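Structure in structure tokens, see below.
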Amino acid sequence: MTQPQPDFEPVVGPQVDEPAEEAALWAAFSSACTGEAAAGPWARLQARRMRSARACAVFRVVQDGMMLVAAWPDSDTLPGDLSESAREGVQQGIALVRSAARGFHLVCPLSGDDGWVATVEVAPLSAPALQGTLDMLHWGVGWLEAARARGVAHTATVQAERLELAARLAENVARESDAKAASTALAAGIGAAFGASAVSVGVLRRGSLSVRAQWQNPDAPETLGTDSVDAVPDGPPPLVDITPALQSVLEVGRAMSVERHEPVPDGEPERSPAPIELLATHAHVCALPLPGPEAPAGAILVERTVGEPFSHDEVASLETIALQAAPLIEAKPLARPVTVTRERRAFVALFGPVRMKLKLTLIALLTLGLVMLGATGPYAVPVEGVVEGQAPRTLLAPFSGVLGEVAVRKGDAVRRGQLVARMDDSELLLERDRLAAERNQLAQITREAREIRDRVATESLDSKVKEVDSRLRTAEERLARTRIVSPTDGVVVGGTALNASAARVEAGATLVEIAPVDSYRLVLWVDERDLSLLREGQAGAIALPGETSTLGFTVKRLAGVSTLRAGHNRVRIEAQLQDVSERTRPGVEGTGTIDVGKRKQVWIWWRTLQRDLETWR
């Protein structure tokens, strides 16, 4: 007995031969802090779990087209038409299957307004296997969307921690009375927070470095050298003069992170090393300016002799600290003031060690506000809609006669080919039988005339036979047209012959009018302020009376016709209903929403408040 053949091709994608390798992919996917970092492991995991997978890629919409975020097996072997399938999926906004040269392309857009889409090329499959593969892609896309949301939450947490650290160090700087003490407090705070071995701060006044402060970790194996009197006297001997390095940061005017590298070997180098490069011969260095109103107001040098180089997040945190501390240091005098002025009292009241609970509360509220400004959420535009039907199909009387039967009434739903009305055929049957008998009789007489060779009689009888044949064919044709059937699926909306059986009608008279059910359109009215958020192809749902659930629709045309409706300016747009039931009728009105993607949560709250206020008025 032969074994049944499977309804799918053999597996082409990677096999799960090594559980450790799959576990490593899951670990990389779960620990990714951004959607871009999670896309690579996701593509490999998805290819492992999908039968007949040949290629798996994640694209993102950019200004110039589609950008590849991640791919399996690699970008060089990726089919060129996979990006075209991704573009079509983004344009339609729904999951789809496209035929390709080597099989099928499965496309599934991700939720959100940044245009992410996942695509997979599979070998030729049967319809059930292809549907199962598409369902598995839906499942995988859900995991990728969760990883992207986790990355957004991680970024918000990092920003909050960065702002909290910057606020704490700015408070320490604000407590000091002069620029030198403030710079020293800033250097000490940065050194303790970032595990540095030495931190130098230079303040630019009148075109020169008037203040140079340094904090050094006595436990560090090496420290930066300096010619400043502010250096720690008990530290190791100086290694490099920091003044040129501070000056180079002021000239560059941006943050720099240089990893530790080997010093230049003995001999004449091809070029003189820069001051920052000299510092980096024994430690990882991060240098950044203190921003001023028009030009840098100073510079910060951070050295780390133990540990990893400065990461991107650490450099961003240092930039945030410099941004908050720079105006505080610049506002302080070079030396301690002799008298306490009114401005100083106000400054101390604002940044000094007084009312700490109130200040911490304000900082927490400020941090929460900054985090909420970056939060997003889904937004749906409310709409009002009415169902409109296309021009009805008219069924006419095929010939003049008596209407024998009308099988439908106004409002009935009919199917294509269903009997709608029937003409009375009793007279036609009698006439057909009479004409048939008359033809038989004429045929008999004609044969007798031919036997006696009566030419004149034969010609006259042949002419009469032809006339009877013509009338008989007419009667047969009318009998064939007595049944009047519906040409399409629809709803009976009118007709002069409804409930008028046994009445005589003329040829061409309107008997029944049927509105097709497959040509309904949905006219929507939306607030003109929300028109800029709408695009053709967006999906939505509407609730209609009599329906057990909401009906989906797709925006087809933005008419742009504005009118005053319900006391507000509304714009008319047109949509196509996706799910039309037998209970759907023209003229039915309802309310619904159109999904327009994610927007800032603050904007959504404000828009909802505006709408509620207008409703109360």
Side-chain angles (χ1 to χ4, degrees), residues 389-520 580-587:
Q390 301 289 350
R393 302 286 296 273
T394 302
L395 304 184
L396 305 179
F399 52 84
S400 299
V402 177
L403 185 63
E405 178 186 2
V406 178
V408 295
R409 293 182 298 178
K410 185 175 182 180
D412 289 349
V414 296
R415 297 290 184 183
R416 181 184 181 91
Q418 179 180 340
L419 178 65
V420 175
R422 184 177 58 81
M423 299 293 292
D424 186 12
D425 57 355
S426 57
E427 294 182 1
L428 292 175
L429 292 174
L430 292 175
E431 183 177 1
R432 184 189 64 179
D433 295 341
R434 183 181 61 78
L435 290 175
E438 183 178 354
R439 188 188 184 287
N440 293 335
Q441 183 179 3
L442 288 174
Q444 180 64 29
I445 297 174
T446 301
R447 286 193 298 268
E448 294 176 355
R450 286 176 179 171
E451 290 177 356
I452 62 176
R453 297 182 178 180
D454 189 348
R455 182 179 178 181
V456 175
T458 300
E459 292 179 352
S460 176
L461 290 173
D462 286 342
S463 176
K464 290 182 179 180
V465 169
K466 291 180 180 180
E467 180 182 356
V468 172
D469 286 341
S470 176
R471 294 169 59 189
L472 185 59
R473 284 194 299 271
T474 302
E476 293 288 352
E477 291 177 356
R478 288 189 175 184
L479 281 173
R481 291 185 293 164
T482 55
R483 288 175 54 85
I484 303 171
V485 297
S486 173
T488 181
D489 296 342
V491 178
V492 178
V493 296
T496 58
L498 296 179
N499 300 325
S501 59
R504 186 169 185 82
V505 294
E506 299 296 330
T510 301
L511 297 181
V512 179
E513 294 181 349
I514 299 176
V517 297
D518 58 351
S519 59
Y520 286 162
V580 179
S581 66
E582 297 180 354
R583 294 182 293 274
T584 305
R585 295 292 185 270

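No experiment lies behind these values; they were computed from the predicted model shown. Side chains included, hydrogens not; waters and symmetry mates left out as well; all remaining heavy atoms used.
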If we ignore hydrogens and angles and just use 3.5 Å, is the side chain of S470 paired with the main-chain N or O of K466 as donor and acceptor? no
State, to 0.1 Å, how close L395 and P487 come at their nearest heavy-atom pair, and which atoms those are. CD2-CD, 3.6 Å
State which residues pass side chain to side chain contact (heavy atoms under 4.5 Å, CB included) with Q418; sequence neighbours excluded, sorted by chain then number. V408, V414, R415
Heavy-atom closest pair (I484 atom, P398 atom, distance to 0.1 Å) is CD1-CD, 3.9 Å
Closest heavy-atom pair and its distance - V485, L419: CG1-CA, 4.1 Å
Looking at A421 and L403, what are the two nearest heavy atoms and their distance? CB-CD1, 4.3 Å
R471: partners by side chain to side chain contact (heavy atoms under 4.5 Å, CB included), with sequence neighbours left out: R434, L435, E467
